[in-house]
Amino acid sequence: MAWPSANTFPFLAAAPVLAAPLLSLAWTIASGAGACLVWAFATATHEGEVHRWDFAGLVTVVALTAIAAFLNRMFTREREQLSTSREVAEAVQRAVLPTVPDRVRGFTVATRYQAAQEEALIGGDFYAVHDTPYGLRMVLGDVRGKGVQAVTMVNTVLGTFHAEALGKTDLPAIVHAVEMQLQDVKSRREAASYEDFATAVFAEIPPGRPVLRMANCGHPTPLRVDEGKATPLEPEEPSLPLGMGDLAGPDVQVDQYELPPPAPRSYCSPTASPKPATRTASSSTRPRR
């Protein structure tokens, strides 16, 4: 309006195209209609003359508005499909991961699950806490990859842990049972991969004993948090990840840590605040490599 000689057509033509991926269908069409009205008004008031190329510009804006409306419907449909896929993935993830009680045997338990990437749908992380006749038993781990294949391995690990934690008397026996189940799943899979594995930390607190026994199967080192200071609980000899135990045998290294004295707001989990003490191994210890 201020500079009649200036060509504003590119700005008007861009309006509906920019609105298509950002706004609704109604606003996309409205932006195109508004651009047409502005173009018509500017053309009519420019020196009082209307040329053939002025009609060509108007037709171009109308055509771009139609294209923008079509693209808007495509974008809307894809967003709806993505939203549905994420809702299904979240439902599957909640169904796979068990509900952890707030308190078990006098210990406060807290968990949080958050995907590393917003685009990630079904991840391979897992955790579980069970109160058994042999004490409080926990597992925390991650399966390589994501998707349906990861869910299958997570179900195998958690299902086996739940069954064996209630019946096995020692921690190495539980780890060995989970290892055998994963080996069986891999053997029955058509496209079995040697890279299919899961890292995990198995831990237990025996009844009446202020100790934490832990077996680390290739998982990132848990942390001991005490008075604002985090200390890694490095295993004396880490075991191989689950699913790769056939490369080293059934031996499982178990480390033992003393628990701190009871105090308000004390937490105990694989990443809680045990105090390092003497480390003990299972009856059969894997030789160093």
Side-chain angles (χ1 to χ4, degrees), residues 89 92-98 100 111-117 119-130 137-165 168 170-204 213-223 232-255 269-271 279 281-282 284-289:
V92 172
Q93 194 74 59
R94 295 191 188 99
V96 170
L97 294 178
V100 176
T111 61
R112 181 186 181 188
Y113 182 92
Q114 182 175 358
Q117 299 178 354
E119 295 80 7
L121 297 179
I122 304 177
D125 301 291
F126 58 88
Y127 54 81
V129 178
H130 291 301
R137 286 176 168 172
M138 301 161 280
V139 63
L140 173 69
D142 183 19
V143 170
R144 188 194 73 86
K146 53 182 178 290
V148 178
Q149 179 178 338
V151 171
T152 301
M153 296 188 68
V154 168
N155 279 331
T156 301
V157 173
L158 292 181
T160 307
F161 173 76
H162 176 72
E164 301 299 332
K168 299 295 184 182
D170 61 341
L171 203 59
I174 299 175
V175 179
H176 182 66
V178 175
E179 173 68 30
M180 293 297 98
Q181 287 295 328
L182 285 183
Q183 291 290 346
D184 180 66
V185 170
K186 292 174 62 176
S187 65
R188 290 185 284 106
R189 186 176 297 165
E190 295 181 359
S193 173
Y194 292 103
E195 297 180 355
D196 290 342
F197 62 87
T199 62
V201 172
F202 295 84
E204 68 176 2
R213 303 180 71 242
M214 187 173 64
N216 191 331
C217 299
H219 198 68
T221 305
L223 301 177
L233 300 180
E234 297 285 353
E236 184 176 354
E237 185 178 353
S239 302
L240 288 177
L242 300 171
M244 303 178 67
D246 54 339
L247 303 177
D251 300 336
V252 178
Q253 178 76 26
V254 177
D255 301 307
S269 70
T271 57
R279 290 185 170 97
S282 58
S284 55
T285 305
R286 181 183 302 122
R288 294 183 179 272
R289 297 184 182 277

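In this chain, numbering begins with 1 at the start of the sequence shown.
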**Study point:** Approximate separation, where rounding is to 0.5 Å, of Arg213 CZ and Arg137 CZ
**Key:**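 It comes to 8.5 Å.
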Point to revise | Point-to-point distance, once rounded to the nearest 0.5 Å, from CG of Asp142 to CZ of Phe197 | key: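 The CG atom of Asp142 sits 9.0 Å away from the CZ atom of Phe197.
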Exercise for review: Give the intermediate values and the outcome of side-chain contact (heavy atoms from CB on, under 4.5 Å) for residues Phe126 and Met153.
Suggested key: CA-CA 10 Å; Phe126 58 88; Met153 296 188 68; over 6 Å; no
Between [X] and [Y], what is the shortest heavy-atom contact and its length?
{"X": "Leu223", "Y": "Pro232", "answer": "CD2-CA, 3.8 Å"}
{"X": "Thr199", "Y": "Gly218", "answer": "CG2-O, 3.2 Å"}
{"X": "Leu182", "Y": "Gly243", "answer": "CD1-N, 4.0 Å"}

Applying side-chain contact (heavy atoms from CB on, under 4.5 Å), name anything that partners [X], two or more places apart in sequence or on another chain.
{"X": "Val175", "result": "Phe202, Ala215, Cys217, Leu242, Val252"}
{"X": "Ala177", "result": "Thr160, Glu164"}
{"X": "Ala173", "result": "Lys168, Asp170"}

**Study point:** Under 3.5 Å: donor-acceptor pair, side chain of Glu204, backbone of Met214
**Key:**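 Not a single qualifying donor-acceptor pair exists.
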Point to revise | Exercise: do Glu234 and Thr221 side chains pair donor with acceptor under 3.5 Å | key: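 Yes.
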